[in-house]
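So you know, we letter chains A, B, ... as the sequences are listed, proteins then strands, and number each from 1.
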2 protein chains.
Amino acid sequence: MPRTSDPTRNRILDAANCLFYAEGIRAVSVDAVAGAAGLTKRTLYYHFTSKDDLIAAYLQSRDQPNLALFAKWFNDEGGTVADRVEAIFTHLAKAARHKKWKGCGFLRTAAELANMPGHPAIKIGSAHKKKFETWLADILATTGLVEPLLLARQVVLLMDGAFSVMLVHRDASYIEAAGKAAATLVRASEIRNVG
Amino acid sequence: MPRTSDPTRNRILDAANCLFYAEGIRAVSVDAVAGAAGLTKRTLYYHFTSKDDLIAAYLQSRDQPNLALFAKWFNDEGGTVADRVEAIFTHLAKAARHKKWKGCGFLRTAAELANMPGHPAIKIGSAHKKKFETWLADILATTGLVEPLLLARQVVLLMDGAFSVMLVHRDASYIEAAGKAAATLVRASEIRNVG
DNA sequence: TTGTGTATACTCACTGCTTAGTATACTTTT
DNA sequence: AAAAGTATACTAAGCAGTGAGTATACACAA
């Protein structure tokens with residue numbers, strides 16, 4: 001049984017990450033991933049039991065890095081909580097202007113696998129989104145805002161809306177509009193708390 | 001050249017609508033659509049030039065019905081504009097609890113075709129979303145709210161966020177949270193206008 | 001130190017199936 | 001007869017997954 005730190009396994013995951021994110025899950029064959037990783041399909045099947053297994057592992061490998069990036073964007077910002085939440089969107093809009101940007105891998109995979117609700121990859125996506133929501137709710141609660149759970153959820157909805165709408169319009173100003181909305185909601189929560 | 005009102009063409013579109021929405025674009029073969037429509041693939045190719053053409057026609061056929069439904073949900077509701085906007089989300093949440101519900105066909109198609117930015121189906125999706133945004137902005141402007149364009153866009157972002165997040169969590173309370181956020185934003189816009 | 005056993009990590013070649021799209025011919029309608 | 005519409009049967013390519021075998025490395029016994 002190959003170990004998690006296996007360099008070959010990681011090479012396959014890197015290739016899967018590139019291809020699945022760039023082209024989509026169903027559009028990329030196992031052969032293509034193996035080829036990009038510089039080995040044969042049979043070897044890939046030595047490290048992963050199936051394509052579904054590979055898809056799940058691909059998303060799992062994106063969980064921590066993505067969360068860390070959002071946290072960094074928030075933490076590097078000064079000002080009020082509203083400002084710092086909006087900063088996440090500002091950085092997202094910047095990233096989204098790059099040509100290779102194709103939205104959120106978790107959401108796109110869930111959309112593609114909408115006919116398989118119990119798919120392992122969707123569960124991993126669900127856990128990932130929940131982690132972000134909880135992280136944000138904790139921050140909002142610590143700041144003393146009212147209804148931090150609801151507020152965090154609403155910010156998440158704006159963020160995921162921005163991810164999705166971008167794939168339709170390819171216009172990063174939507175992400176900035178979402179950021180403004182998030183800031184408005186946070187400030188409304190501040191006001192309600194003070195008053 | 002077959003006409004738009006062709007009953008056979010519509011039968012194919014109905015089948016495409018059911019299958020593409022239920023299973024996804026790439027997961028459904030042209031054969032499957034033809035079979036569900038009760039005819040052979042060759043006949044389908046007489047009415048549509050390619051699978052991409054069929055996909056685009058499928059989304060085009062959903063444009064007006066979907067917009068009409070949202071308008072009905074809004075118009076049937078009494079109360080303030082905020083209440084009526086929130087009503088759209090409430091109805092959406094109700095629809096989303098059905099097992100067959102699989103989110104927004106336009107967004108899911110855009111997510112699946114994220115590697116083909118210029119695809120006709122994505123352009124149709126873009127036009128559809130723009131129409132809804134414009135319809136809402138007109139209402140908000142007529143009501144005398146400040147920045148109706150931005151506000152309409154933010155409501156759209158919440159709605160599309162709700163569509164997408166639902167595919168990950170399968171929890172309709174997210175749609176209600178989005179509705180509350182939309183109402184909060186609309187009311188914040190009212191307040192700013194009055195003050 | 002040489003030989004034997006074994007697990008790891010890999011490749012080549014393949015199966016069985018599905019795919020989008022087409023060449024050709026038949027039927028029905030006008 | 002001519003045109004529209006449909007079916008049968010096909011091509012050529014791609015797909016996920018597998019059977020069978022190989023190179024390497026490392027363990028341990030003689």
Side-chain angles (χ1 to χ4, degrees), chain A residues 1-59 108-109 112-116 118-122, chain B residues 1-59 109 112-113 115-116 118-122:
Chain A
M1 180 64 80
R3 295 152 306 173
T4 318
S5 63
D6 191 323
T8 305
R9 188 187 152 95
N10 287 332
R11 198 147 47 90
I12 296 169
L13 278 179
D14 283 349
N17 186 20
C18 288
L19 288 173
F20 283 151
Y21 181 74
E23 312 281 338
I25 298 298
R26 286 194 154 110
V28 171
S29 70
V30 176
D31 265 312
V33 174
L39 32 78
T40 63
K41 181 167 54 175
R42 195 69 187 82
T43 303
L44 189 151
Y45 274 101
Y46 176 79
H47 294 272
F48 299 91
T49 66
S50 64
K51 187 179 183 180
D52 285 336
D53 182 30
L54 178 62
I55 296 165
Y58 143 62
L59 285 185
R108 273 175 58 211
T109 302
E112 212 167 336
L113 303 179
N115 59 329
M116 311 173 79
H119 195 287
I122 294 182
Chain B
M1 179 66 77
R3 295 153 305 174
T4 317
S5 64
D6 191 321
T8 305
R9 188 187 153 94
N10 287 332
R11 199 147 47 91
I12 296 169
L13 277 179
D14 283 348
N17 185 19
C18 288
L19 288 174
F20 283 150
Y21 181 74
E23 314 281 339
I25 297 300
R26 285 193 153 110
V28 171
S29 70
V30 176
D31 265 311
V33 175
L39 34 79
T40 64
K41 182 167 54 176
R42 191 62 189 87
T43 303
L44 189 151
Y45 274 100
Y46 176 80
H47 293 271
F48 299 91
T49 66
S50 65
K51 187 179 182 182
D52 284 336
D53 182 30
L54 178 62
I55 296 166
Y58 143 62
L59 284 185
T109 302
E112 214 168 336
L113 303 179
N115 60 329
M116 310 173 80
H119 195 287
I122 294 183

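Computed from coordinates, the B:Leu44 CG to C:dT22 P distance equals 13 Å when rounded to whole Å. If you take CG of A:Asp53 and C1' of D:dG17, they are 14 Å apart, rounded to a whole angstrom. The nearest whole Å value for the distance from the CG atom in A:Leu39 to the C1' atom in C:dC12 is 14 Å. Regarding B:Asp31, its CG atom lies at a distance of 14 Å from the P atom of C:dT22, rounded to whole Å. The CZ-C1' distance, from A:Phe48 to C:dC10, rounds to 15 Å in whole Å. Atom CD1 of A:Ile55 and atom C1' of D:dA16 are 11 Å apart (whole Å). Atom pair A:Arg11:CZ and C:dA9:C1' shows a separation of 11 Å (rounding to whole Å applied). One interatomic measurement links the two molecules: OH of A:Tyr45 to P of D:dG19, which rounds to 13 Å at whole-angstrom precision.
Considering only side-chain atoms of A:Arg42, the nucleotide from C:dG21, C:dA20, C:dT11 that sits closest is C:dT11. The A:Thr43 side chain lies nearest to C:dC10 when the options are C:dC10, D:dA16, C:dG21. Of all nucleotides listed (C:dG21, D:dA20, C:dT19), C:dG21 comes nearest to the side chain of B:Lys41. Nearest to the side-chain atoms of A:His47 among the listed nucleotides C:dC10, C:dA23, C:dG21 stands C:dC10. In the set D:dA16, C:dA20, C:dC10, the nucleotide with an atom closest to the side chain of A:Thr8 is C:dC10.
Figure legend: cation-pi geometry between A:Arg108 and A:Phe20 absent, as NZ or CZ is not positioned both under 6.0 Å from the six-membered ring centre and within 45° of its axis.
Residue B:Thr40 is in base contact, counting any heavy-atom pair closer than 4.0 Å across all strands shown.
At the phosphate of C:dA9, OP1 or OP2 sits under 4.0 Å from a side-chain N or O atom of A:Tyr46.
Not one N or O on the side chain of A:Lys51 forms a donor-acceptor pair closer than 3.5 Å with the backbone of A:Ser29. Under the 3.5 Å distance criterion, the side-chain polar atoms of B:Arg26 are matched with a main-chain donor or acceptor of B:Glu112.
Looking at every heavy atom in both residues, B:Thr109 comes nearest to B:Ala121 through CG2-CB, 4.1 Å.
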Walk me through it: do A:Ile12 and A:Tyr46 pass the test side-chain contact (heavy atoms from CB on, under 4.5 Å)? CA-CA 11 Å; A:Ile12 296 169; A:Tyr46 176 79; over 6 Å; no
